[in-house]
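Count residues from 1 along the sequence. For ligands, and for the atoms within them, numbers begin at 1 and follow the listed sequence.
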Amino acid sequence: MKNRLISIIIPSYNESNNIEIIYDAITNECLDIDYNFEILFINDGSTDNTLNLIKKLESTNANVKYISFTRNFGKEVALLAGFQHVSGEAVIVMDADLQHPCNLIKPFIHGYEEGYHQVIAQRNRKGENRLRACFSSIYYGLVNKIVDVEIKNGVGDFRLLSRKAVEALLLLNEGNRFSKGLFSWIGLSQKTIYYDNISRKNGKSKWSISMLFNYGIDGIISFNNRPLRICFYSGAFILFLSLLYIFINLFFIITNGITEPGYFTIMSAVLFLGGIQLLCLGVIGEYIGRIYYETKHRPHYLIQETNISTGENYEHTQPRIYKIHHRGHH
Ligand code: UDP
Ligand code: MG
């Protein structure tokens with residue numbers, strides 16, 4: 001008799017080609033495991049047939065759970081909803097697109113049984129676009145110099161978390177969620193498992209170049225105010241240089257008189273300082289933007305429908321009307 005439960009969270013955004021395949025793959029993989037499984041699909045505002053396919057699975061399999069958002073809220077928020085609603089003693093997070101191989105589930109559980117709170121899958125970048133792989137490694141090198149937590153290249157959300165780790169994540173209530181950093185921030189004992197990169201099977205990645213850039217900035221800014229510091233110091237340094245320049249010139253002017261109109265020097269000083277100022281304003285603006293979003297205290301997401309009875313704990317994030325209003329429709 002299996003009486004222990006492991007939950008699998010799958011954020012899904014327009015994954016109609018993958019839902020059934022991933023479900024079958026997971027069930028096959030889990031046949032001979034000593035745990036019960038629940039699979040929680042988070043339908044993140046898909047515009048294709050994803051929700052219907054999930055519901056079809058749900059109607060014949062009691063271990064399929066789903067939460068469907070009112071619109072697309074993003075993967076990070078989908079994960080948050082997942083963590084809030086799973087009940088397993090350990091939780092596995094994986095993508096719907098089959099890039100996260102199911103045969104890691106057993107090693108995950110093995111690591112969990114050894115007592116690790118996080119069992120982390122780390123991929124190499126085999127078969128990935130050279131340029132992208134190169135940018136990634138430069139980026140991770142840079143980020144790890146700046147932020148307080150360690151963020152490894154090739155480590156994503158694909159991992160197993162113990163109940164304790166999940167509870168810890170739920171304590172981090174920020175709206176602007178940079179999961180990679182949060183997983184690292186909570187600490188706890190960790191084991192890493194390595195695997196080969198797999199390219200996406202069906203559908204296409206939801207990441208555009210500009211989204212990757214924005215994600216990169218989030219990664220740097222979400223964790224501390226060091227970029228603000230950098231602004232401050234570089235500003236102070238530039239100010240010092242320009243004061244030096246002014247005094248030296250003043251000295252020359254006093255001793256020699258004005259020899260040149262000085263157009264070039266003035267222009268370059270103005271442009272240079274203008275650039276620095278804009279840069280600093282931008283960084284300050286970023287932080288103020290964060291403050292702005294956090295102070296609104298909006299719910300992180302809204303649920304359109306679900307087959308889970310949502311607990312009292314998270315009632316504050318979910319106004320009742322949204323759950324009840326739509327429930328009658330299926
Ligand atoms: N995803 C999501 N909401 C989004 C974008 C993506 O839930 O707004 C899901 C998507 O369905 C997939 C996972 O997050 O299961 C990873 O997305 P994707 O494959 O596009 O990212 P990549 O693997 O390229 O990093
Ligand atoms: Mg993918």
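- For atom 25 (O) of ligand 1, the closest non-hydrogen atom of the protein is Trp207 NE1, 3.1 Å.
- Rounded to 10°, the angle formed at the Mg ion (ligand 2) by OE1 of Gln99 and OD2 of Asp97 is 90°.
- Contact detail for Lys106 and Ile33: the closest heavy-atom pair is CG-CD1, 3.6 Å.
- With a heavy-atom cut-off of 4.0 Å, Asp44 touches ligand 1 through its side chain alone.
- Under 4.0 angstrom from ligand 1, the non-hydrogen atoms of Pro11 come from both its backbone and its side chain.
- The aromatic rings of Phe108 and Phe158 sit perpendicular to each other, their planes meeting at more than 60°, with 30° as the lower class boundary.
- Of all the heavy atoms in Val155 and Lys180, the pair that sits closest is O-CE, 3.3 Å.
- Under 4.0 Å from ligand 1, heavy atoms of Lys75 appear from its side chain as well as its backbone.
- For the residue pair Asn3/Asn36, the side-chain donor-acceptor check at 3.5 Å is not satisfied.
- Shortest contact from atom 12 (C) of ligand 1 to any protein heavy atom: Glu15 OE2, 3.3 Å.
- Distance from atom 23 (O) of ligand 1 to its nearest protein heavy atom, with residue and atom name: Gln99 OE1, 2.8 Å.
- Atom 18 (P) of ligand 1 has its closest protein heavy atom at Arg200 NH2, 3.4 Å.
- Side chain to side chain, Glu89 and Tyr35 fail the donor-acceptor criterion of an N or O pair below 3.5 Å.
- The proximity of Ile10 to ligand 1, defined as any non-hydrogen pair under 4.0 Å, does not occur for either the backbone or the side chain.
- Between Val64 and Ile54, the shortest heavy-atom distance links the atoms CG1-O, 4.2 Å.
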